[in-house]
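Worksheet: the structure to be examined is printed underneath.
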Amino acid sequence: MTTFDADGVTLERVREYVWEIPQEEGMRVPARILASEALLEEISEDKTIEQIKNTTHLPGITNHAICMPDGHQGYGFPVGGVGALDAEDGCISPGAVGYDINCGVRMMRTNLTYDEVQGHEEELVDSLFANVPSGLGGGGIVEAGVDTVDEILARGVDWALEHGHAVEEDLLHCEDEGMREGADPDKVSQKAKDRGKNQIGSLGSGNHFLEVQRVTDVFDDEVGAAFGLEEDQIVVLIHCGSRGLGHQTCNDYLRKIEQQHKGLLDRLPDKELAAAPAGSQLAEDYYGAMNAAINFAWVNRQLIMHRTRKVFERVFDRSWESMEMDLLYDVAHNIAKKEMHTVNGAERELYVHRKGATRAFPAGHPEVPKAYRDVGQPVIIPGSMGAGSYVLRGGENSMDLTFGSTAHGAGRLMSRTQAKNEYWGGDVQQELEDQQQIYVKAQSGATVAEEAPGVYKDVDEVVRVSDELGIGDKVARTFPVCNIKG
DNA sequence: ATGTGC
């Protein structure tokens, strides 16, 4: 048997791209890492393997704890992790959702071609930067009172539709149609709402960005046509989350769990995996609050997208409708959701935690929007600002292998601190412009250094593994034109 | 990710 030794843990190769940490004392199930050998080498350089192993100690964990090919170390649970925990006798874990609740991506199509945009890059990037709020702290597209925040938390993108920031079709092309059921605004703290009320419609910082891209390759003509993608077409990618509101919500519930469920906490190998037992009041409260924060993030991305339509109208002097600026899809990559899955022939309700992992439901699944039902759910995988991104579709094997999930990005190779030692923001920007005609504008040079292309894994390799495993199949590739970030 | 730790 082929094995891989990673700092005291021996992984067994089950088959190509599937590595397993066999069950040992304390582990309720084996752990799996889905990766090529090259990616596994990179994954083994931080605490990812130890973390995915720890995750198998969570009560109710089903089949395997799974790490995606873009996995890296996170808070307790690795980024790129999937954990399906029984919704009746398992638990729910804020650290397995992530601090940025409903961090996710949406892609908007246009009918513009790269030729039509060339020569306007600087005007476009300047106008986007001036009109889409970004960076740390406050200042959003909408400044709201607490009553409005409550409505956004309860209704999601439906609120944006009522207030002129969306059209009907935007809702249909969003995961959960832009409104997660079971949101309970009363379970989101006043402090979280105060942090969120002036951040509605703002990118934030870190790896969040808005990028104008051109489609360079369509690998599957049939699915590409269903997604409305063709070569040379201009698209817009928006990557952001729930800002301070989600962060505060995660923090609030981690502290409550530590106080109220210390018994469970003491039996876990890492305090950062803190979890509320299924059926407890706190599990219900966190689920209601998390669902509300999910809605907040969808409104956030919706407002940014709609503002982008207005920016394009000014730059290209045409209506956004005439440029066919329609939402292709919006998909979350930091969430937990109660879902029914077939486990050993039986239907079970599970809290599926996807942290840095994207839902990738296959063709025919009832939760795939009608327009895409026959081909599979669109999956958007952002790469670095120098590499471009991918659109995949949910693959045939995703329900069997990964509870309907795949990767979420390129995955970091080094810490933010290390990145700042290796790169200088201004140099990175200049190089992108001179060598690749990519125009980047950011609030902070440090952020550009932290997000330099060299700090990321090879997105082509991540997507290749997803495609080979049949969990998410390659549909199209994009390349950056211009990018704004915090 | 984040009013960059509570």
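Quick note on labels: first sequence line is chain A, next is B, and so on, each numbered from 1.
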Report the distance from atom [atom1] of [X] to atom [atom2] of [N], rounded to the nearest whole Å.
| X | N | atom1 | atom2 | result |
| --- | --- | --- | --- | --- |
| A:Arg416 | B:dT2 | CZ | C1' | 10 Å |
| A:Asp100 | B:dT4 | CG | P | 15 Å |
| A:Phe296 | B:dT2 | CZ | C1' | 13 Å |
| A:Asn334 | B:dT2 | CG | P | 11 Å |
| A:Glu451 | B:dT4 | CD | P | 18 Å |
| A:Leu136 | B:dG5 | CG | P | 11 Å |

| said: Within the 4.0 Å heavy-atom criterion, would you say A:Gln199 contacts the bases, only the backbone, or no part of the nucleic acid? | reply: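 It contacts sugar-phosphate atoms only.
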| CD/A:Gln248 to OH/A:Tyr99 distance, rounded to the nearest 0.5 angstrom? | 10.0 Å
| said: How long is the straight-line distance from CG of A:Asn102 back to CZ of A:Phe296, given to the nearest 0.5 Å? | reply: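 These two atoms lie 11.0 Å from each other.
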| Residues from residues 237-255 of chain A lying under 4.0 Å of DNA chain B - heavy atoms | A:Arg243, A:Gly244, A:His247, A:Asn251
| said: For A:His333 and A:His239, I'd like to know if the aromatic rings sit close, meaning centre-to-centre distance below 6.0 Å. | reply: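 Yes, the ring centres sit under 6.0 Å apart.
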| query | Would you say the ring centroid of A:His341 lies under 6.0 angstrom from that of A:Phe403? | reply |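 Yes, the ring centres sit under 6.0 Å apart.
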| query | Using 30° and 60° as the class limits, which term best fits the ring planes of A:Tyr372 and A:His173: parallel, tilted or perpendicular? | reply |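 Because their plane-to-plane angle lies in the 30° to 60° range, the rings of A:Tyr372 and A:His173 count as tilted.
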| Got a salt bridge between A:Arg155 and A:Glu162, using NZ or NE/NH1/NH2 to carboxylate O under 4.0 Å? |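 Salt bridge flag = yes for A:Glu162 with A:Arg155.
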